[in-house]
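We name chains A, B, ... by the order of the sequence lines, and we start the count at 1 in each one. Since this is a predicted model, take the numbers as computed values, not measurements.
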Amino acid sequence: MPELPEVETTVRGLESVLAGRVLTRVEPRRADLRRAFPHDLRQRMTGARVTGLGRRAKYGLVHTDRGDTMVFHLGMSGRWRVDPEEIGTHDHLVVETDEGRRLSLMDPRRFGSVDLMATEALPDWAPFKALGPEPLSADFNAAQLGDALKGRIAPIKAMLLDQRIVAGLGNIYVCEALNIARIAPTREAGRLTGPKRTLLVEAARQVLTEAIAAGGSTLRDYARPDGELGYFSKQFRVYGREGEPCPCGKGVVTRRVDSGRSTFYCRACQR
DNA sequence: CCCGACGCCTGAGCGC
DNA sequence: TGCGCTCAGGCGTCGG
C-alpha cells in the first residue's frame, strides 16, 4: 500500500493509539525484515513513553522520551494493524501500550524495515541524508526540480520515482501526477520547460493532498482489526485503468512496462 | 555519476 | 479443485 499518503494516514492512525503512552511490550517475532531488526529494539523501547510520531518521505517515526526514534518503512505490503484478534505468521513486530492497546506490524513480503536510533542522529542517518525534499513542502518547487533534473536524459517518470529528487512519490501517484500535468512519462526529464515543471509540482501536491484527505476520512476503517485502509482506487485517473477513457475525454489509458514496472498514461493528452 | 535491469519475498487472481 | 503463471504501491545493488 505504501506511498506517502498511506504512510501519513498510518502515522495519524498510530498517533491516536500511541501518543503519550508508555510501551509495556515491544516484541519482534522474527530476526529481520529487509534487514535485521535492531538487536536492542525490545530493550530500548519497552517502558519508554511515546512523545510523538512523525513521517519523513515514506518512513514513519515513533519518538520516545529516551531520546530514541523507531523508524519504520512499510515496503510493498506492510501495514500496522490495530488491536488484531490474532497474531499470525506475518505479524513481525507486536507493541502494547499501558492502555491495553495492541499494534502489530504485518508485512507478508517483508520488504519493509524497522530501525532505531538516537533522535538527534536522524538527520545524519544515511537513508535520510539521501532524500530529496518533501513534496508537500515549499522546498519542492519548479526551480528545485529544474536544478535536480538539469541535463538528465532519463524519462521523467523514473526521475520522480527517485527519492533523491523528491521524496515520497511511488508508482501510483507518479502516474496520476503526470496525467494531471499532461506530461508523457517517457519525456526526457531535463527537457521539461519551467511552466511544465510548475504544473507537475502542483499536480503532485494536488494528488497527494487529495489522497491524504481521502485516507483521513477512512481512519475509522484503519482502526478495524483487519487493518484495511480502504484505498482511494476509485479516484484514480489512470492507474490500473488500462483501456478505460482518460478523464481528458480524448484518449484511452495505455499501459506500458519498463523494467517490470507498469506505467499508465494517456497518449492523447500527455506529451 | 548516470542509467536500466534485477533480486528480494509472499499472496492474490486468472486461465486452463 | 488444483496448478502454474503473472502481477503487486519499494528500494538497494550491480553492471555497462
- Note on the structure: Rounded to whole Å, CZ of A:R79 lies from C1' of B:dA12 at a distance of 13 Å

- Integer-rounded Å distance: C:dC11 P and A:L33 CG: 14 Å

- Query: Within the pair A:K58 and C:dC11, is there a side-chain N or O less than 4.0 Å away from OP1 or OP2?
  - Reply: yes

- Item | Length of the line joining A:F264:CZ and C:dG9:C1', which is rounded to integer Å | 11 Å

- Task: Determine whether the aromatic ring centres of A:F264 and A:F236 lie less than 6.0 Å apart.
- Result: no

- Query: Between A:R164 and A:D162, is the closest basic N to carboxylate O distance under 4.0 Å?
  - Reply: yes

- Trace of the salt bridge (charged side-chain N to carboxylate O under 4.0 Å, His left out) decision for A:R34 with A:D32: CA-CA 6 Å; A:R34 164 180 275 287; A:D32 61 79; over 6 Å; no

- Taking a pair to mean Watson-Crick or G-U wobble geometry with both distances below 3.5 Å, C:dG9 pairs with none

- Report whether A:M106 and A:V94 are members of the same hydrophobic cluster (ILVMFWY, side-chain heavy atoms less than 4.5 Å apart, transitive linking). no

- Using 4.0 Å as the upper bound for N to carboxylate O, is an ion pair formed by A:E6 and A:R79? no

- Hey, is the side chain of A:S262 poking within less than 4.0 Å of OP1 or OP2 on C:dA8, counting only N and O atoms? yes

- Note on the structure: With A:V174 as partner, the option from A:I172, A:L178, A:N171 fulfilling side-chain contact (heavy atoms from CB on, under 4.5 Å) is A:L178

- Message: Does C:dG9 have its OP1 or OP2 closer than 4.0 Å to a side-chain nitrogen or oxygen of A:Y173?
- Response: no

- Message: Tell me the interatomic distance from A:H73, atom NE2, to C:dC11, atom C1', rounded to whole angstroms.
- Response: 7 Å

- Task: Heavy atoms under 4.0 Å is the rule here; annotate nucleotides 2-9 of chain B 5' to 3' with B where the base is hit, S where only the sugar-phosphate is, and - elsewhere.
- Result: SSSS--BB

- Query: Any chain of hydrophobic side-chain contacts (each under 4.5 Å) joining A:V95 to A:V71?
  - Reply: no

- Item | Euclidean distance, atom CZ of residue A:F236 to atom P of C:dA8 [Å, nearest integer] | 13 Å

- Query: Nearest-Å distance, CE (A:M106) to C1' (B:dA12)?
  - Reply: 14 Å

- Item | Atom-pair distance (CG on A:L4; P on C:dC11), nearest Å | 11 Å

- Message: Whole angstroms only, please: what is the CG-P distance between A:D162 and B:dC1?
- Response: 13 Å

